[in-house]
Each structure stands twice: as C-alpha cells, then as structure tokens.
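Note sheet for the following structure.
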Protein chains: 2
Amino acid sequence: METIEDEIVTRQLPPGTRLDEVELAQRFAVSRTPIREALIQLASAGLVELRPRRGAIVAQISPQRLMEMFDVMAELEALCGRLAARRITPEERQRLLAAHEACAAARDGQDPDRYFYLNESFHLALYGASHNAFLEEQARNLQRRLRPYRRLQLRIHNRVLNSFSEHQGIVDAILSGDEALTVTRIRDHIRIQGERFSDLIASL
Amino acid sequence: METIEDEIVTRQLPPGTRLDEVELAQRFAVSRTPIREALIQLASAGLVELRPRRGAIVAQISPQRLMEMFDVMAELEALCGRLAARRITPEERQRLLAAHEACAAARDGQDPDRYFYLNESFHLALYGASHNAFLEEQARNLQRRLRPYRRLQLRIHNRVLNSFSEHQGIVDAILSGDEALTVTRIRDHIRIQGERFSDLIASL
DNA sequence: TCGTCAATTCCTGTATACAAGAAGTTTGAC
DNA sequence: GTCAAACTTCTTGTATACAGGAATTGACGA
C-alpha cells in the first residue's frame, strides 16, 4: 500500500500541502490516532512540518537549505567511502561492482528512471561497505530526504553519463584503497548534484 | 518541568528501562495519548526503542554502536570546523573565544560538571560558525544523544586538561583559517572521546 | 523437579468523544 | 463602502473506551 511518506517523496503531495488529519484518516480508512502518530514520525524525519494548533504541512525546503543538506550528505558519503576503502570485504566489493555494472546497463539503455533506481543501490552498497551501521542509517535517511531533488537533476543533459563516470572513479579509488582520493571524488560527486540542482532552480 | 527526555539523558531512566505508558501517564498526570506521541518522537530521535506490541524501552546503545556514533560525530564536527575556518564572522569569533575562556575558568576551578556544561557551549559556538543551519541541527542532535557518554569520560584523570588544550588547538586552527589543520584537530578531539570511553568500558 | 501448555491478565494499538483554540464569516458601526 | 468585532465553524489536542496480542502464572504430565 502507498503510505503518506511515499506520496510526499513522489511529490503526489507537493511541499506546502496542508495535511488534514480527518481527510487522511478517511482516505486510509483508519481513525485520526494512527494518522497523527504517523505525522509525528514524518515530522521527526523532516518530511512534514508540524505547527502547533495549526496542523501539518508537507515540509518546504528552501534552495539554501537544500544546498546545506547536500553538503552534509557529501561529507557522510565521503566518510562511508573513506571507511570502505579501508574495510571493504570481497563480498561487498562484489556487490559494489555488480551495482556499478547494472548502472552501466541503464546508462546505455537511456533510461534515467532506471538509472536513478540503480544509482541508489550503488550508493547503498557504498554505505554498507563502511562497516558502520549508524553511519549507514544516517546516510540512508538523508538519501531518502534528498531523493526527489536528486531525481530531478538526473534529467539534466549528460548528467547520467557524468554521474556514471564519477562512479567509476569512486570505485577505482575504493578498490585501490586510496582513502584521500575516495574522499575527494565522493565529495565532488555529491556536491555536483547540489550545484546542478541550484543551476536548475536559477534557470526557472 | 522534567520531561521523559531529560530523565533519559540524565540516566534517571537507564538504558533498558521499560517505559510503561500507563505509569508514565499517571506520573505526568496526562492521558496515554500524549505519552504515546512523545514516545514516538523519542524513538525517532533514537532515545527509545519501540517494539511493536511489546512496548517501549530506553534505547540500549552497545559500545560498538557508540564508537560508530562518535565516528560520525567527529566527521560532522570536522565539517563544522572546516566551514567555520572559511566563514567565521567577527561576532562568531568573539563568541567562540568567550566560550573557550569560560572553559579555562572551569578547568582551573576543578569543576568537571561546570566544564562539561561550558564545553557544550563551545561546541555549539563552533556549529553556529559553520553557517550551515542543517549541519548545525544534525550536530546538536547527535551531541544530545552522546551527552551522557561524553559526560562519563570527562571524569577520567587529566581528561579536562587535555580537552581544553585540544580546544586551544582547534581555536588556533580556525582563526588562522587553516581548514586542513582544523579538520584533523577536531576529528582527533572527538575520536579521543570515543576511545577514552571504550577504555572505560574495557576497564569494567 | 522441570518443562510444557493453557487460561488469565496486562498492555498496546485503534476508535471515538469531547474540549479548546484558530480561522472564517457575518453583522454592525463609522 | 470599509474596517472591526463578535460569533460560528472547523480543526487540533487530549481523554477515554474497547479490542486484540503478548506475557505471566498456574496446573498437569513426564
């Protein structure tokens, strides 16, 4: 079943939408209680904004804040990479390469949506190779929150091709065990997304 | 008034404690509804663990996971420092130095609790100087979660003195605008806490 | 004496009712 | 005609009631 969270990240409920508890309760055929509890969770995750006595709205994220989030994401992923370069196991190496090759197929297939999906798997494989479960959780959470914006910017001309070649550089750096190189390449890879996104905003 | 969160971070409710909704409701003189909503929030913040149909307990954090959290904290603070070295304003510089000098007084006064409190202000000043509000939030959240453990390890012999001299090094690096030096010094400063903590654990 | 199964009790999860505050509308005065 | 104030309506926040699992305890059998 589709959850409220799904509808937010897929933009069926765009930022700013008022979330009427009664309406949601009817739509999901439950009482207001579980809806309220879900909204509190979503507020903690940063997906909705809870204004006391004035209801919930889908969180509005300013371009400024989005850039800030990308900067933090870059650093979290860079840490994943640094740890992975040191700690990756043969199985994880296998998984990372498999995810990378799947991306190659999607790139050649000219399917941005499919590339987007597989790209996520690639990054998840990277998080897992860090051998730091807490870091992995944090990275996954932030990835989820940034998902709609990353998706948007993959439609930019040549972004899929560039993204893939950046992945190649990251894989090479990790497999060679070069921590410093891994860090700079991942940081650049993520920060480029933030920059491309702000280009997109500026062009509107 | 004292909140459930306060009682958890101050260890009045130690990890593993069962949180009976009815009992909490009586103690705070409210119904179960707001208690449940508070527990959901605390679960999102990682302070309590919510087991479906089996109630809530104060989150148990394993030494392993704690070390992982310190690693992430180190990286978040290092990022704060890197950005601060580049962006700090005269007012923020003032605030950072004031917090640092207040720590000096507490160090000389041999008052670990007071030092602990002022130490937090110092780190908060650092977060603020990053000019990244999202990063600041993340850092504050994680600082809050790690608070009880950091407090514990300040009682270790000479830790206050060492902590202060590490602060001095960090301030110098930031004020000189040396990003790389700031990053390594902050990273070490935070990671030492994690290591000291695991020493403490090992000695039990 | 110990283990297993069943019945009871307790607690969580959901629904519903009620109270109180915010928003919108209507009416009156200037 | 416009602005303000009061009243109405709608929505959130809290309390309470009820239903369905989980845990505990006691009895029975090995």
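Residue numbering restarts at 1 for every chain, and letters A, B, ... go by the order of the sequence lines. Scope of the values below: all heavy atoms of this structure, side chains included, with no hydrogens, waters or symmetry mates.
- Side-chain atoms of Asn162(A) and Arg159(A) include no donor-acceptor pair closer than 3.5 Å.
- Nearest-nucleotide positions on DNA chain D place Gly55(A) closer to the 5' end than the other of Thr33(A) and Gly55(A).
- Side-chain contact, Glu68(A) with Gln64(A): a donor N or O sits under 3.5 Å from an acceptor N or O.
- Residues from residues 38-53 of chain B placing a heavy atom under 4.0 Å of any atom in DNA chain C, listed by number, are Pro52(B), Arg53(B).
- With no hydrogens or angles considered, a side-chain donor-acceptor pair links Tyr127(A) and Glu77(A) at under 3.5 Å.
- Mapping Arg54(A) and Ser31(A) onto DNA chain C via the closest heavy atom, the residue that lands nearer the 5' end is Ser31(A).
- Using a 3.5 Å distance cut-off with no hydrogens or angles, the side chains of Thr3(A) and Asp6(A) do pair a donor with an acceptor.
- A heavy atom lying under 4.0 Å from DNA chain C marks none of the residues of residues 19-29 of chain A.
- Scanning both residues, Thr182(B) and Arg82(B), for their nearest heavy atoms gives CG2-N, 4.2 Å.
- On the nucleic acid side, DNA chain C has its first and last nucleotide under 4.0 Å of a heavy atom of chain B at dC11(C) to dT14(C), going 5' to 3'.
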Check against side chain to side chain contact (heavy atoms under 4.5 Å, CB included), Leu66(B) and Leu146(B): CA-CA 8 Å; Leu66(B) 208 57; Leu146(B) 291 174; 3.9 Å; yes
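- Side-chain atoms of Gln12(A) and Thr10(A) include a donor-acceptor pair closer than 3.5 Å.
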